[in-house]
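Here's the structure, in structure tokens; my notes come after.
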2 protein chains.
Amino acid sequence: MVGVTGPIRVVVVDDDPLVRGMLTLMLDGADGITVVGEAADGGQALTAVERHAPDVVLMDIRMPNVSGITATERLRRRPRPPEIIVLTTFDTDEHVVRALWAGASGFLLKDTPPEQISQAVRNVAAGAPILSPSVTRRLMQQVASGGESYEQALARLAPLTARERDVVLAIAQGRSNAEIAADLLMSVTTVKAHVSHILTKLDLTNRTQIALLAHDARLV
Amino acid sequence: MVGVTGPIRVVVVDDDPLVRGMLTLMLDGADGITVVGEAADGGQALTAVERHAPDVVLMDIRMPNVSGITATERLRRRPRPPEIIVLTTFDTDEHVVRALWAGASGFLLKDTPPEQISQAVRNVAAGAPILSPSVTRRLMQQVASGGESYEQALARLAPLTARERDVVLAIAQGRSNAEIAADLLMSVTTVKAHVSHILTKLDLTNRTQIALLAHDARLV
DNA sequence: CCGGGCCGTGACCGGTGGCACCGGCGACCG
DNA sequence: CGGTCGCCGGTGCCACCGGTCACGGCCCGG
């Protein structure tokens, strides 16, 4: 990104000295990568990053004192933050979401083969995001299933007329009939009629159900 | 997956003969990959797959007659479907979602370097999903932002009492006050009171707004 | 003992939805 | 070309649902 000229500078953070050693060993020998520092918990990670200004941080999640998540959050708040790859043993949704939310650029399982880890470091340093295959699969499934309901919801909205769709959109914002009437320049009774038609066409009973359906169809 | 013993058998599908040639050229030489067939549109893709029973299909989206999306859908419905990598020039959300929904195992941009394409073919054949970095970045951002609004919505629901949360949950399903009363074993009047309290506490005006907020908080 | 939440209830009223109807517009047809 | 048929948008009237108000019982902590 900002032109990393020399070797990629890496800091390894893990509470287990053995894991730290393994990671350092496998990375320090790899092409174009130098391990410039290690840390055993989130607090040490902060100081290590301050001292060594690395390009990439390999961060364990489960650590004593300051967890990898909060350490990631704080690191990403720094002026020129390092890219952070979160390393963990389990890929629970909880972990993944929190890591991504904290600003991690990568999420790898610890059983990833060494070659792929060093490759991931290079990719992340170049600005590309990295996810473990299992995590990628989850995200894809999530998107796919979401897309499915989205398509279904859109299909149900098909028989509506243009004006009725306008009303649906307004209802999906939580607006009252009076507000809708004002916005669409028609009488309140007309709005009611439209709502009534929509309800029968979509086989619903409440306006809230209309709002929810519209939300599923991504008409927010 | 099911033990691909010999070289990985690939079918290349693209309406542009030049692109087909390039892909075949770069893949057929690569380690452990054989291009066993080519096709110029979705229809030909189906017959080609039937004839050659490939492990992986490289599929263009924009093609005359049958598009890559529908071809992917049909291929995935076959008894032992090939893994499908969708190749496209643009990574619009529309394309990505439709491809994933259709059952693609990979989504690559056409400007991906040859080495990575052959690597992607190997990965997909091994059962691992593959996404272009830009697509991965989007999915990550989506998850991250989704998590954010999720947290915010959950925070707003904090001041509610247990009973009120029950009512919120029911409203989020689009249920009427009478139904809620029946389910929670209380009078309709009481339900209304709870709704009223919820509205004031959350600073809302409609029950639909309650439903939408609950949806943002993933209480579906 | 009493004040303050929380839950529950009945009476009142505005907003919401069901129904019947009308004017306008395009399609189809003799 | 005129008739007519169907659909869409719009309206008024009425029943009912949904929301506010005021009140009482309960439990807990001061």
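Remember, predicted model here, so these are calculated numbers, not experimental data. Letters A, B, ... mirror the listed sequences (proteins, then strands); counts begin at 1. Just so it is clear, the values below take in all heavy atoms, side chains as well, and ignore hydrogens, waters and symmetry mates.
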Check this one for me: any side-chain N or O of A:R207 less than 4.0 Å away from OP1 or OP2 of D:dG18? no
Identify the heavy atoms of B:V11 and B:V36 that sit nearest to each other, and give their distance.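 Nearest pair, atom of B:V11 first, then B:V36: CG2-CG2, 4.0 Å.
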With a sphere of 6.0 Å drawn around CE of A:M186, does it hold more than 12 non-hydrogen atoms of other residues, nucleotides or ligands? yes
When you look at CG of A:D203, are more than 12 heavy atoms from neighbouring residues, nucleotides or ligands closer to it than 6.0 Å?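 Open: at most 12 neighbouring heavy atoms sit under 6.0 Å from CG of A:D203.
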I need the residues from residues 179-199 of chain B with at least one non-hydrogen atom less than 4.0 Å from DNA chain C; give them sorted by number, or say none.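 Heavy-atom contacts with DNA chain C come from B:M186, B:S187, B:T189, B:T190, B:A193, B:H194.
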Rounding to a whole Å, what distance do you find between [X]:[atom1] and [N]:[atom2]?
X      : N      : atom1 : atom2 : value
A:N177 : D:dC17 : CG    : P     : 17 Å
A:R165 : D:dC8  : CZ    : P     : 11 Å
B:N206 : D:dG19 : CG    : P     : 7 Å

Between A:L202 and A:L213, is any pair of side-chain heavy atoms under 4.5 Å apart? yes
Going by atom types only, do A:R207 and B:N206 share a side-chain donor-acceptor pair under 3.5 Å?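 No, B:N206 and A:R207 have no side-chain donor paired with an acceptor closer than 3.5 Å.
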Looking at [Y] and [X], is any side-chain nitrogen of the basic one under 4.0 Å from a carboxylate oxygen of the acidic one?
X      : Y     : answer
A:R62  : A:D15 : no
B:R20  : B:D60 : no
A:K110 : A:D14 : yes

In the 5' to 3' direction, the nucleotides of DNA chain C bounding the stretch that comes under 4.0 Å of a heavy atom in chain B are C:dC6 to C:dA11
NA contact type, B:S176, heavy-atom cut-off 4.0 Å: base, sugar-phosphate, or nothing? sugar-phosphate
